[in-house]
Engineer: 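Quick one: this structure, given as structure tokens, is what I'll be asking you about.
Below, read A as the first sequence line, B as the second, and so on, with proteins coming before strands; counting in each chain starts at 1.
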Amino acid sequence: MQERYEPAVIEADAQRDWEARGTFRVSEDPSRPKYYCLCMFPYPSGRLHMGHVRNYTIGDVLTRYMRMQGHNVLQPMGWDAFGLPAENAAMAHGVPPAKWTYDNIDYMKRQLKSLGFGIAWDREVTTCRPEYYRWNQWLFLRMLEKGIAYRRTGVVNWDPVDQTVLANEQVIDGRGWRTGALVEKREIPMYYLRITDYAQDLLDALGSLPGWPERVRLMQENWIGRSEGLEIEFEVEGAAEPLAIYTTRPDTLCGVTYMAVAAEHPLAQRAAVGNPDLQAFIAECQRSGVTEAALETMEKRGMPLGIHAIHPITGERVPVWVANFVLMGYGTGAVMAVPAHDQRDWEFARRYGLRIHPVVQPLDGSLPDIESGAFTEHGRLINSGRFDGLEFDEAFDAYAKFFEAQGTGKRRVNWRLRDWGISRQRYWGCPIPLIHCATCGVQPVPDDQLPVVLPEDLVPDGSGNPLGKSESFLKCACPKCGGPARRETDTMDTFVDSSWYFFRYASAGNDRAMVDERAAYWLPVDQYIGGIEHAILHLLYSRFWTRVMRDLGLTQVEEPFTNLLTQGMVLNEVFFRKPASGRITYYNPADVDVQVDDKGARIGAVLRSDGEPVESGGIGTMSKSKNNGVDPQALVERYGADTARLFMMFAAPPEQTLEWSDEGVDGAFRFMKRLWKAVHQHVSAGPAQALDVAALDEASRTLRRQVHETLVKVTTDIGKRRTFNTAIAAVMELMNAINRFDDRSPQGRAVVQEALETVVLVLAPVVPHACHALWRELGHTTVLVDERWPEPDARALERATVEVVVQVNGKLRGRVTVPAGADESVVREAALADPNVQRFMEGKPVRKFVYVPGKLANVVV
RNA sequence: GCCGGGAUGGCGGAACUGGUAGACGCACCGGACUCAAAAUCCGGCGGUGGCGACAUCGUGAGGGUUCGAUUCCCUCUCCCGGCACCA
């Protein structure tokens, strides 16, 4: 056996071996339990980043673990290959997005292979390939037929200089990122998917997802945002049509002191005619951003329209305002304002001197305090005429009945969730398969003409969609009348691509159907793993898309992902210098030396190249802008894939953020060397004898118990808790025990042989290359990746005595050793006899004796 | 602003169902080996007091429940993720 641990050689050997054996190619085998382990596929940005390495290492550990547990495991991989960065790269370097994307895929695929992930590469999916996205188009046409897809206008960010639609991330402080021009809101026709038709189902089914983190279910529940309320019509003076509003607080109706409508609302538009001030204000509302965060954080402003609504209960005249925080897209584009019981309305009323009229009092009968803020809790009605004295539920019912009887209002369920706008005015995406004909209008592309292929040779220049300038793409015949027509140039949101790729892995290569019977074998995904940043949108869209496929008879599956693991982000330190004048410069932590005092505490940091100090910017996500990324490739070349994988899994539990640490990587590498050395030392003394459990001495029995205790712990940590860091810590502890054990007798060596075999087996999912080699060195002719996970020996786990800690009044005062399974009375006697325990009891009688069997006793005096 | 999450030694983290706070690793300190260094091995390592046995304080801040709270409840601070065209 090689004495030195040489990862480059070991890893290449192992990978060659798996490749030659076709170890990770899988087929559908109904005789074995299946396990579909899926990691979120990467966007091919150029190189893998540490987040990918973390994600795919978690997936690979589970894949290899479940394989050892006897499952038929599928771990596929693919590319989320459409998207904005390819267009940005095209603009920067003049390369077509297609070439850039395919080159990146080639490089990143090599990186993934070098990390030793057990991927079924024969099922690879690339979303920018026509053989993939034709099925986006095909399903879109089915949705159009069923009315799930429809056309209406939507608001986008418009850069007036570049004459182009901007993504939210391309709008910086309200200005276009390239032109610096003030961005305008613009309404354009777009295609939407009726995800709101599925809102109730998507909400209810969250309850059937016990394998999802509670926080993700909560976030989705809040995102869907079901609310029950009343839709109420207010008469408007001098207008034929009433003003409809939706409220979840009908009990506060008599507290309405003004109404607010969106800038785009017909009432506001009409009032603005001939009123320049109002026109200016409405134009200003058009200029704010379109994101919810921007709308919620901006200053709440408004202007009276000079018209009045009639309160449906009191008959009072109520002024109607236009306000920048009311959105035409939400509900009816108008709200009733109750400043006494809604904080936002309260602030608005204070600002503009509007009346604040309390109509709800706390249940204790006190008067609501509306001086410092709104009273927003439920309570009892006052100042509400014949509704006085009612509580929330009663008031809700009473008002509902009142309006239903009059036909001027009704109960309504409202959703925060909005329909999914899938149109993008961009080139590098899946073409929406529609044709515009001057005589026949919008026509779907017939199925036999699919796919509508995206030309791969265009280069965007930032001024609009290049598809709109490509005659060869645009020109087509109308499928209905045969006359000249033009193709739709909008492409689909890339969330469409990622909403069903997990079905396609299981139906790879089928050019006649979107999914086939292989999907019925593999779906649903047993374990999905990806970043927490996808907790809402991607996961919700996938759940929706799966339901549409179910309704079209394409699958029986309703929920695509049975278990979900959301991994935390990978962080690193941030170092920078900010000269008195000039731009801030970030330095890569690899180029910075940290200075510590003699206790190891940090006292400063200097740039290695010039020895001058740099400032610490704390810890942040690895990013280009902060220049704090670590290249996985350099890591693998220096330490090997196993060390990289071991560090990633050891440094933090998977759901938490992970802080990068070069020293931590060194530590992981040292452990690999120690492991290698321990096996080398053991093996170089010749083969071990068979283990005779009955012949072991005390020290050997203790080591053997530690081996089996570790096995139990690692099995639950990997298999149930998914806390790989504690599993690895337990194995490190065992390795320390093995290294301290120096019994070279035949039975001593037999115990060590069993211990080392166990270590190699349980570490195989984490550091598969080294373990692959070590398994052979330990005398096996089998291939480790096909071995079964070991079973603990119950008899090895038995203990004769246990240590019980003894507290007096909850404070630790002593320890007693008692026979395992001893009665409480035995423990009590031993505990009370302990001198230190007696000292702290100060001769007082025992008031209470709490005993946690085998662990702890608390004497209360 | 709203929704979700987090905060434990010098650092990353552990404590699984309310029961020994600090496992494991890193950094640091001391020692062995070495002409020396690196590597490796051994030992120490939350603060304070004590020669020591041990005591005492200590899990972001403040309060509460409990025999017992890092864990449960309330209030607050800071950090991170998402907010519908980044993926």
Engineer: Please tell me whether A:Thr179 and A:Asp159 have a donor and an acceptor in their side chains that are separated by less than 3.5 angstrom.
Structural biologist: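 Yes - a donor-acceptor pair under 3.5 Å links their side chains.
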Engineer: Using the C1' atoms only, state how far B:G64 lies from B:C79, rounded to an integer number of Å.
Structural biologist: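 That atom pair is separated by 26 Å.
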Engineer: What pairs of donor and acceptor atoms, side-chain ones from residues 39-47 of chain A against any protein atom, are under 3.5 angstrom apart with sequence neighbours left out?
Structural biologist:
unit_1  : atom_1 : unit_2   : atom_2 : d
A:Tyr43 : OH     : A:Ala86  : N      : 3.1
A:Arg47 : NH1    : A:Asp631 : OD1    : 3.4
A:Arg47 : NH1    : A:Asp631 : OD2    : 2.5
A:Arg47 : NH2    : A:Tyr107 : OH     : 2.5

Engineer: Quickly work out the A:Leu564 CG to B:G4 P distance and round it to whole Å.
Structural biologist: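 For the pair A:Leu564 CG and B:G4 P, the rounded distance is 17 Å.
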Engineer: Does A:Tyr133 have any side chain to side chain donor-acceptor pair (under 3.5 Å) partners at least two apart in sequence or in another chain, and if so, which?
Structural biologist: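 A:Tyr133: no side chain to side chain donor-acceptor pair (under 3.5 Å) contacts found.
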Engineer: Looking at the side chain of A:Asn168, which of B:U40, B:C86, B:C24 is the nearest nucleotide?
Structural biologist: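 Of the options given, the side chain of A:Asn168 lies nearest B:C86.
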Engineer: Establish, yes or no, whether a centroid distance under 6.0 Å links the rings of A:Phe650 and A:Phe671.
Structural biologist: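 No, they do not, as the ring centres are separated by 6.0 Å or more.
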Engineer: What pairs with A:Glu296 under salt bridge (charged side-chain N to carboxylate O under 4.0 Å, His left out), at least two apart in sequence or on another chain?
Structural biologist: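 Residues passing salt bridge (charged side-chain N to carboxylate O under 4.0 Å, His left out) with A:Glu296: none at all.
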Engineer: Specify the residue among A:Leu417 and A:Thr494 whose closest nucleotide of RNA chain B lies further upstream toward the 5′ end.
Structural biologist: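 The residue closer to the strand's 5' end, by nearest nucleotide, is A:Leu417.
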Engineer: Write down the protein N/O and nucleotide N/O pairs, taken from nucleotides 66-71 of chain B, whose separation is under 3.5 Å; answer none if there are no such pairs.
Structural biologist:
unit_1 : atom_1 : unit_2   : atom_2 : d
B:C67  : O2     : A:Asn858 : ND2    : 2.4

Engineer: May I ask you to verify if any side-chain N or O of A:Asn736 is less than 4.0 angstrom from the OP1 or OP2 atom of B:G25?
Structural biologist: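 So the side chain of A:Asn736 is within the cut-off, an N or O lying under 4.0 Å from OP1 or OP2 of B:G25.
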Engineer: For nucleotides 74-82 of chain B, give me one character per nucleotide, 5' to 3': B if any protein heavy atom sits under 4.0 Å from the base, S if the only such contacts are to the sugar-phosphate, - if neither.
Structural biologist: -------BS
Engineer: When rounded to the nearest Å, what value does the distance between P atoms of B:C45 and B:C33 take?
Structural biologist: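 Each nucleotide's P atom is 24 Å from the other's.
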Engineer: Can you list the residues that meet the side chain to side chain donor-acceptor pair (under 3.5 Å) rule with A:Gln706, with sequence neighbours excluded?
Structural biologist: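 Listed in chain order: nothing, the list is empty.
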Engineer: May I have all residue pairs that pass salt bridge (charged side-chain N to carboxylate O under 4.0 Å, His left out) and include part of residues 850-860 of chain A, sequence neighbours excluded?
Structural biologist: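 Checked against salt bridge (charged side-chain N to carboxylate O under 4.0 Å, His left out) - neighbours excluded - no pair reaches residues 850-860 of chain A.
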Engineer: Side-chain atoms of residues 844-852 of chain A: list all donor-acceptor pairs with protein atoms under 3.5 Å, sequence neighbours left out, distances to 0.1 Å.
Structural biologist:
unit_1   : atom_1 : unit_2   : atom_2 : d
A:Lys844 : NZ     : A:Glu842 : OE1    : 3.2
A:Tyr851 : OH     : A:Gly854 : N      : 3.0

Engineer: Taking side chain to side chain donor-acceptor pair (under 3.5 Å) as the definition, give me every residue that meets it alongside A:Gln343, ordered by chain and number, with sequence neighbours left out.
Structural biologist: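 Partners of A:Gln343 by the side chain to side chain donor-acceptor pair (under 3.5 Å) criterion, ordered by chain and then number, come out as A:Glu347.
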Engineer: Relative to each other, are the rings of A:Tyr132 and A:Trp500 parallel, tilted or perpendicular (30° and 60° limits)?
Structural biologist: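 A:Tyr132 and A:Trp500: parallel rings.
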Engineer: Is the A:Trp212 to A:Tyr528 ring centre distance short of 6.0 Å?
Structural biologist: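 Ring centroids of A:Trp212 and A:Tyr528 are no less than 6.0 Å from each other.
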Engineer: Quantified in whole Å, what is the C1' atom distance between nucleotide B:C78 and nucleotide B:U8?
Structural biologist: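 Each nucleotide's C1' atom is 16 Å from the other's.
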Engineer: Would B:G9 be called syn or anti here, given the cut-off of 90° from 0?
Structural biologist: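 Syn, since the glycosidic angle lies within 90° of 0.
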Engineer: Sort by first number and list every stem of RNA chain B: at least 3 consecutive Watson-Crick or G-U wobble pairs, both distances under 3.5 Å.
Structural biologist: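 Detected stem regions: B:1-7 with B:77-83, B:10-12 with B:24-26, B:28-32 with B:40-44, B:46-49 with B:54-57, B:60-64 with B:72-76.
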Engineer: Taking only side-chain nitrogens and oxygens of A:Gln656, does any of them come within less than 4.0 Å of OP1 or OP2 of B:G6?
Structural biologist: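 No, no such contact exists.
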Engineer: How about A:Asp493 and A:Tyr541: does a side-chain donor come under 3.5 Å of a side-chain acceptor?
Structural biologist: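 No, because no side-chain N or O of A:Asp493 sits under 3.5 Å from a partner of the opposite role on A:Tyr541.
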Engineer: For nucleotides B:G22 and B:C57, find the distance between their C1' atoms and express it as a whole number of Å.
Structural biologist: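 One C1' to the other, the span is 15 Å.
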Engineer: If we take the C1' atom in both B:C54 and B:A37, what is their distance in whole Å?
Structural biologist: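 Pairwise C1' distance, B:C54 against B:A37, rounds to 43 Å.
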Engineer: Would you please confirm or rule out a distance under 4.0 Å between OP1 or OP2 of B:A14 and any side-chain N or O of A:Thr726?
Structural biologist: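 For B:A14, neither OP1 nor OP2 has a side-chain N or O of A:Thr726 closer than 4.0 Å.
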Engineer: For A:Ser227 and A:Asn414, test the side chains for any donor-to-acceptor distance below 3.5 angstrom and give the result as yes or no.
Structural biologist: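 Absent: no donor and acceptor within the cut-off.
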Engineer: Any donor-acceptor pair, under 3.5 Å, between the side chain of A:Arg670 and the base of B:U40, if you only look at N and O atoms?
Structural biologist: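 Check fails, no donor-acceptor contact within cut-off.
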Engineer: Between protein and nucleotides 43-63 of chain B, map the contacts as a letter string: B base, S sugar-phosphate only, - none, heavy atoms under 4.0 Å, written 5' to 3'.
Structural biologist: -----------SSSS------
Engineer: Can you tell me, in whole Å, how much space there is between the P of B:U56 and that of B:G4?
Structural biologist: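 Taking atom P in both B:U56 and B:G4, they lie 42 Å apart.
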Engineer: Write down the distance between CD (A:Gln170) and C1' (B:A87), rounded to a whole number of angstrom.
Structural biologist: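 In whole Å, B:A87 C1' lies 13 Å from A:Gln170 CD.
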Engineer: Whether the side chain of A:Glu659 and the base of B:C11 hold a donor-acceptor pair under 3.5 Å is what I'd like checked.
Structural biologist: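 There is none.
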Engineer: It should be established whether A:Arg215 places a side-chain nitrogen or oxygen under 4.0 Å from OP1 or OP2 of nucleotide B:G5.
Structural biologist: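 Indeed not, no polar side-chain atom of A:Arg215 lies that close.
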Engineer: Which listed nucleotide (B:G1, B:A27, B:C85) is nearest to the side chain of A:Ala293?
Structural biologist: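 That would be B:G1.
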Engineer: Looking only at atom P, what distance separates B:C11 and B:U75, rounded to whole Å?
Structural biologist: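 Going atom to atom, P in each nucleotide, I get 30 Å.
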Engineer: Can you see if the side chain of A:Asn222 gets near the phosphate of B:G4 - specifically, an N or O under 4.0 Å from OP1 or OP2?
Structural biologist: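 Answer is yes, contact under 4.0 Å.
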Engineer: Does A:Asp717 have any side chain to side chain donor-acceptor pair (under 3.5 Å) partners at least two apart in sequence or in another chain, and if so, which?
Structural biologist: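 A:Asp717 satisfies side chain to side chain donor-acceptor pair (under 3.5 Å) with A:Lys713, A:Arg721, A:Thr726 once adjacent residues are dropped.
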Engineer: Would you sort out whether A:Arg249 and A:Asp342 count as a salt bridge (charged side-chain N to carboxylate O under 4.0 Å, His left out), showing the intermediate values?
Structural biologist: CA-CA 10 Å; A:Arg249 289 296 304 270; A:Asp342 180 281; over 6 Å; no
